[in-house]
Amino acid sequence: MNRKKYIATPSMTNQIMKEHHLTFKKSLGQNFLIDVNILENIIKHAGIDKETAVIEIGPGIGALTEQLAIHAEQVVAYEIDQRLLPILNHTLQDYTNIHVIHQDILKADVSQMIKERFRPNQPVQLVANLPYYITTPILMKLLQEKLPLSSITVMIQKEVADRMAAAPNSKAYGSLSLAVQYYTEAEVVMTVPKSVFMPQPNVDSSILKLTLRENPPIEVADEDFLFSLIRASFVQRRKTLRNNLNRFLKDKYDKEDISSILAAAGIDGSRRGESLNMQEFATLANEFTAIDG
Ligand code: SAM
């Protein structure tokens, strides 16, 4: 059988780089995937089929894009590096279901693109091997914009994936875990060795799957205040909740207010922020909002 040579192999990647006189840009987080098995794992965990529209961030020379095009109905990929556009035209020439947009994902109107390019009610998934220098801003932008995505499956630094999926009372749990889990159910599906990238990154990686919630897991009167409260509770992790709140909400609330709000929420102020779950933060935030109100 004449098996097609995929982009995601060390020899094809080297050949493409050489042919196009391309060098890796470290500043853009360019670590390309060179292992088809890993890509198949990403696609399997994402749960993509021929009905699915996929958004990819950072196609590079097309290693993941190619596999997505094989499994999905269509793929729209955002790439910031102008040098890669003619290369992608060449490496992905056999596929008619890929559209590459030359844009910084942080500046892109993804919601508008979805309306223009995808069928109404089509399942949309985001899949990417993200540039590690901006993992968190990218994911928070996508979540806060409340895009109609069913899931997000991404390769990111292991340490960040662990923080996003962490449960209370663990070292990795913090404001990032709560921010991500407010919008999604987060699961680290696989850890990945450095050897599947070219060049190899300095840090370990994981595949993180975020399944978007239809509604937040808790009811909260003021979302922005909830997140400021959460951030305040983790500023000094070793300090008690009461100490952090007294210090970081002092412009708005005095110590007596904070003590009585903690009591009304049924939360012991001598606990640490890391021991509170999302429901407890919501109860506390709602007590603060109620006295403002
Ligand atoms: N998907 C390819 C792969 O797996 O081999 C490349 C992944 S590489 C880790 C990250 C890609 O994101 C690079 O192609 C880089 O140029 C691109 N990139 C970096 N910052 C970006 C941004 N702000 N918007 C869009 N793409 C970006």
Side-chain angles (χ1 to χ4, degrees), residues 5-17 20 22-46 48 54-72 75-92 95 98-110 113 125-142 145 147 152-161 190 192-208:
K5 278 203 96 185
Y6 290 132
I7 301 166
T9 61
S11 61
M12 278 300 279
T13 303
N14 273 324
Q15 191 185 318
I16 294 165
M17 301 287 295
H20 295 272
L22 185 72
T23 49
F24 296 101
K25 261 198 190 165
K26 228 181 151 180
S27 61
L28 291 178
Q30 291 180 348
N31 300 94
F32 296 162
L33 281 165
I34 51 163
D35 186 323
V36 176
N37 290 328
I38 291 293
L39 294 173
E40 280 171 356
N41 262 301
I42 295 177
I43 284 163
K44 184 185 84 196
H45 284 292
I48 289 168
V54 179
I55 302 170
E56 186 192 1
I57 296 164
I61 58 169
L64 173 58
T65 327
E66 175 177 52
Q67 300 301 320
L68 291 170
I70 292 169
H71 291 87
V75 184
V76 172
Y78 288 90
E79 175 55 63
I80 199 172
D81 186 353
Q82 170 107 53
R83 302 174 310 155
L84 297 172
L85 276 85
I87 302 178
L88 286 163
N89 254 333
H90 174 72
T91 59
L92 300 173
Y95 305 90
I98 300 171
H99 179 74
V100 178
I101 300 177
H102 175 221
Q103 200 174 15
D104 177 347
I105 187 64
L106 294 177
K107 300 192 177 136
D109 186 344
V110 182
M113 181 284 289
Q125 314 231 23
L126 189 135
V127 181
N129 170 22
L130 286 178
Y132 289 3
Y133 73 107
I134 43 167
T135 303
T136 303
I138 292 177
L139 289 177
M140 289 319 297
K141 168 193 155 94
L142 299 170
E145 286 181 357
L147 300 171
I152 297 178
T153 307
V154 280
M155 178 84 79
I156 62 174
Q157 305 94 299
K158 178 181 181 306
E159 182 253 331
V160 180
M190 201 179 153
V192 176
K194 293 177 183 152
S195 56
V196 303
F197 299 94
M198 186 186 287
Q200 294 193 14
N202 297 325
V203 293
D204 290 326
S205 303
S206 293
I207 301 170
L208 177 77

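First listed ligand is number 1; within each ligand, the first listed atom is number 1.
Residue-to-ligand polar distances place Glu56 within reach of ligand 1: an N/O pair is separated by less than 3.5 Å. Taking only nitrogen or oxygen atoms, main chain and side chain alike, Gly60 reaches within less than 3.5 Å of ligand 1. Every N/O-N/O distance between Leu64 and ligand 1 stays at or above 3.5 Å. In terms of polar-atom proximity, Pro131 is not counted as a contact of ligand 1, lacking any N or O under 3.5 Å from an N or O of the ligand. Taking any N or O of Leu33, backbone or side chain, at least one lies under 3.5 Å from an N or O belonging to ligand 1. Backbone and side-chain nitrogen or oxygen atoms of Asn31 are examined, and none is located within less than 3.5 angstrom of a nitrogen or oxygen of ligand 1.
The closest approach between any non-hydrogen atom of Lys25 and ligand 1 is not below 4.0 Å. The shell of residues lying under 4.0 angstrom from ligand 1, judged by heavy atoms, includes Tyr133. For Leu84, the heavy-atom gap to ligand 1 drops under 4.0 angstrom. A heavy-atom separation below 4.0 Å is found between Leu130 and ligand 1.
For ligand 1, the atoms closer than 4.0 angstrom to any heavy atom of Asp104 are 22 (C), 23 (N), 24 (N). Heavy-atom proximity to Leu28, at under 4.0 Å, picks out these atoms of ligand 1: 15 (C), 16 (O), 19 (C). Short contacts between ligand 1 and Phe32, defined as distances under 4.0 Å to a heavy atom of the residue, involve ligand atoms 5 (O), 6 (C). Atoms of ligand 1 lying under 4.0 Å from any heavy atom of Asn129, numbered from 1 in the order shown and given with element: 3 (C), 4 (O), 7 (C), 8 (S), 9 (C), 10 (C). Those atoms of ligand 1 that come under 4.0 Å of a heavy atom in Gln103, given as number and element, are 24 (N), 25 (C). Numbered from 1 in the order shown, with element, the atoms of ligand 1 that lie under 4.0 Å from a heavy atom of Tyr78 read 25 (C), 26 (N).
Of the protein's non-hydrogen atoms, Gly29 O, 3.4 Å is the one closest to atom 8 (S) of ligand 1. The protein non-hydrogen atom at the shortest distance from atom 18 (N) of ligand 1 is Ile80 CG2, 3.7 Å. Among all protein heavy atoms, the one lying closest to atom 6 (C) of ligand 1 is Gly58 O, 3.3 Å. The shortest contact between atom 24 (N) of ligand 1 and any protein heavy atom is with Ile105 N, 3.0 Å. Of all protein heavy atoms, the one closest to atom 2 (C) of ligand 1 is Pro59 O, 3.3 Å.
Here the side chain of Asn129 pairs a donor or acceptor atom with the backbone of Asn31 at under 3.5 angstrom. Side-chain N or O atoms of Arg83 include one that pairs as donor or acceptor with a backbone N or O of Thr23 at under 3.5 Å. In this structure, the side chain of Glu66 engages the main chain of Ile7 through a donor-acceptor pair within 3.5 Å. With His102 contributing its side chain and Ile80 its backbone, the two residues share a donor-acceptor pair below 3.5 Å.
In this structure, Asp104 CG and Ile138 CD1 are separated by 8.0 Å, a value rounded to the nearest 0.5 Å. To the nearest 0.5 angstrom, Ile101 atom CD1 is 12.0 Å from Glu79 atom CD. Annotation: the span from Asp81 atom CG to Lys25 atom NZ amounts to 5.0 Å, rounded to 0.5 Å.
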(request) Mind running side-chain contact (heavy atoms from CB on, under 4.5 Å) on His90 and His20 for me, showing each step along the way? (result) CA-CA 10 Å; His90 174 72; His20 295 272; 3.5 Å; yes
(request) Begin from the C-alpha positions of Leu33 and Phe197 and carry the test side-chain contact (heavy atoms from CB on, under 4.5 Å) through to its verdict. (result) CA-CA 5 Å; Leu33 281 165; Phe197 299 94; 3.6 Å; yes
(request) Let me see the working for Ile156 and Thr136 under side-chain contact (heavy atoms from CB on, under 4.5 Å), right down to the final yes or no. (result) CA-CA 9 Å; Ile156 62 174; Thr136 303; over 6 Å; no
(message) Please determine whether side-chain contact (heavy atoms from CB on, under 4.5 Å) holds for the pair Ile16 and Leu22, giving the CA-CA distance in whole Å, both sets of side-chain angles, and the decisive distance to 0.1 Å.
(response) CA-CA 8 Å; Ile16 294 165; Leu22 185 72; over 6 Å; no
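Ion pairing of Lys141 with Glu145 is present here, as a side-chain N (NZ or NE/NH1/NH2) and a carboxylate O approach within less than 4.0 Å.
In Ile134, the part holding a heavy atom less than 4.0 Å from any atom of ligand 1 is the side chain. Residue contacts with ligand 1 for Tyr132 are absent, since no atom lies close enough (heavy atoms, distance under 4.0 Å). By the criterion of a heavy-atom distance under 4.0 Å, neither the backbone nor the side chain of Ala128 is placed next to ligand 1.
For the pair Lys107 and Gln103, the tightest heavy-atom approach, listed with the atom from each and the gap, is O-NE2, 3.7 Å. Considering every non-hydrogen atom in both Ile48 and Ala72, the closest pair reads CG2-CB, 3.6 Å.
In this structure the side chain of Thr13 reaches within 4.5 angstrom of the side chain of Ile61, judged on heavy atoms.
When the heavy atoms of Met198, Glu79, Gln67, Gln30 are ranked by distance to atom 14 (O) of ligand 1, first place goes to Glu79.
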